[in-house]
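Down below is the structure, laid out as structure tokens.
All residue numbers refer to positions in the sequence shown, counting from 1.
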Amino acid sequence: MAKKKSDIEQWSDVVQQMSAGNLPAITVPLHVLLGEAVDVAKFCDKYWKTQVDAQKRVTRLGLESAVPKDSKKGDAARLGQRTAEEILSLQRATQEAQTRYLLTVEKNKSPRERGEFLLGEIAATLRFYFDDGVEDAKDEMLARIDAAHAEDPETADALASALDDYALLGEKHRDALDGLGGFEAAHLDEARAVAAELRSRPAQAEAISRQAQDALLLRNKLATLLVERMGLVRNAARFVFRGEPKIVREVTSAYERRKRAATRRAKAQPGPAPAAPSPGTPPPAAPPLPLEG
């Protein structure tokens, strides 16, 4: 009996055909992407079939209605019956590739692995605690931090900065977070210490082996495929359920919504008033008149 392929092995042929230089930037943190992938796959299963009543009248279109009649079976660029299954497979493959990458990084040279663990724990706990159905100042602060670190590079300084920012926000709610879902408030203190240690290391200590670079590239390629499949479902949902925004909201990214909301609020805030001129300062010169053509 042939050994069943792992999720990574199932995507190996596709990954090999992808160019390392053409990978788009992933705009959400990896742990957010992996969590939302499961939600998108569930949505795809739930809304795939078109619903009909006893008289065979359509009561609600399904995502299957967005599949063109000329769509070829197995066409990766198109939505299909196996899209939800593929999303879950890519989610597992991306998670496994991330674990492989972490295991290849030389632990004796950098506290990076511990820092990434702490960052994930603090961010996840803050999101759960703030998710009370009310958009308030707490959500805005978290969205600003999420947006600031959404495209952080894989460097020690970037990780240290994120640890400091999330830990500082967590410190404001230390008592409430302590014990929530097993979270330890001591993680906040450790995060600041790890951030300081990351900054104290010389830059050359962050160089990773060729094996680690290959592991990181594999992870990024799989994550790109995952984002593409999730995009197929979200685009189809926006089209099929264009008259039902509540359904569309089920599949959109809560992370991206918070980030957009924070950006809108930041733009809406008035800028600082101009300083009053000191006594004796001549009035500003009038702007030049436009040239006549």
(message) Check this for me, if you would: do Arg174 and Asp189 make a salt bridge, where the nitrogen-to-carboxylate-oxygen distance has to be below 4.0 angstrom?
(response) yes
(message) Using the side chain to side chain donor-acceptor pair (under 3.5 Å) criterion, which residues pair with Asp39? Sequence neighbours excluded.
(response) none
(message) Against the six-membered ring of Phe117, is Arg114 placed for a cation-pi contact (under 6.0 Å from the centre, within 45° of the normal)?
(response) no
(request) Using side chain to side chain donor-acceptor pair (under 3.5 Å) as the criterion, list what pairs up with Asp152, not counting sequence neighbours. (result) His149
(message) Quick one, Tyr47 with Phe241, criterion ring-ring contact (aromatic ring centres under 6.0 Å, His included). Give me CA distance, side-chain angles, the key distance, then yes/no.
(response) CA-CA 10 Å; Tyr47 291 102; Phe241 305 117; 5.5 Å; yes
(message) When you compare the side chains of Ser253 and Glu36, does any donor N or O come within less than 3.5 Å of an acceptor on the partner?
(response) yes
(message) Testing Arg234, Arg257, Arg238 one by one against Thr252 for a side-chain hydrogen bond (donor to acceptor under 3.5 Å, both in side chains), which residue passes?
(response) Arg257
(request) Please name the pair of heavy atoms, one in Ala97 and one in Ile8, separated by the smallest distance, quoted to 0.1 Å. (result) N-CD1, 3.8 Å
(message) Salt bridge or not between Glu250 and Lys46? Use side-chain N to carboxylate O under 4.0 Å.
(response) yes
(message) Other residues, nucleotides and ligands only: do more than 12 of their heavy atoms fall within 6.0 Å of CD on Gln81?
(response) no
(message) What I want to find out is whether Arg192 reaches Glu171 closely enough, with some N-O distance under 4.0 Å, to be called a salt bridge.
(response) no
(message) Assess whether a salt bridge exists between Arg92 and Glu96, defined as any Lys/Arg side-chain N lying under 4.0 Å from an Asp/Glu carboxylate O.
(response) no
(message) To the nearest 0.5 Å, what is the distance between CG on Leu23 and NZ on Lys221?
(response) 7.0 Å
(message) Checking the side chain of Arg144 only, and the main-chain atoms of Met141 only, is there a donor and an acceptor separated by less than 3.5 Å?
(response) no
(message) Suppose we screen for side chain to side chain donor-acceptor pair (under 3.5 Å). Which residues come up paired with Glu228, at least two apart in sequence or across chains?
(response) none
(request) List the atom of Tyr101, the atom of Ala215, and the distance in Å for their closest heavy-atom pair. (result) CA-CB, 3.7 Å
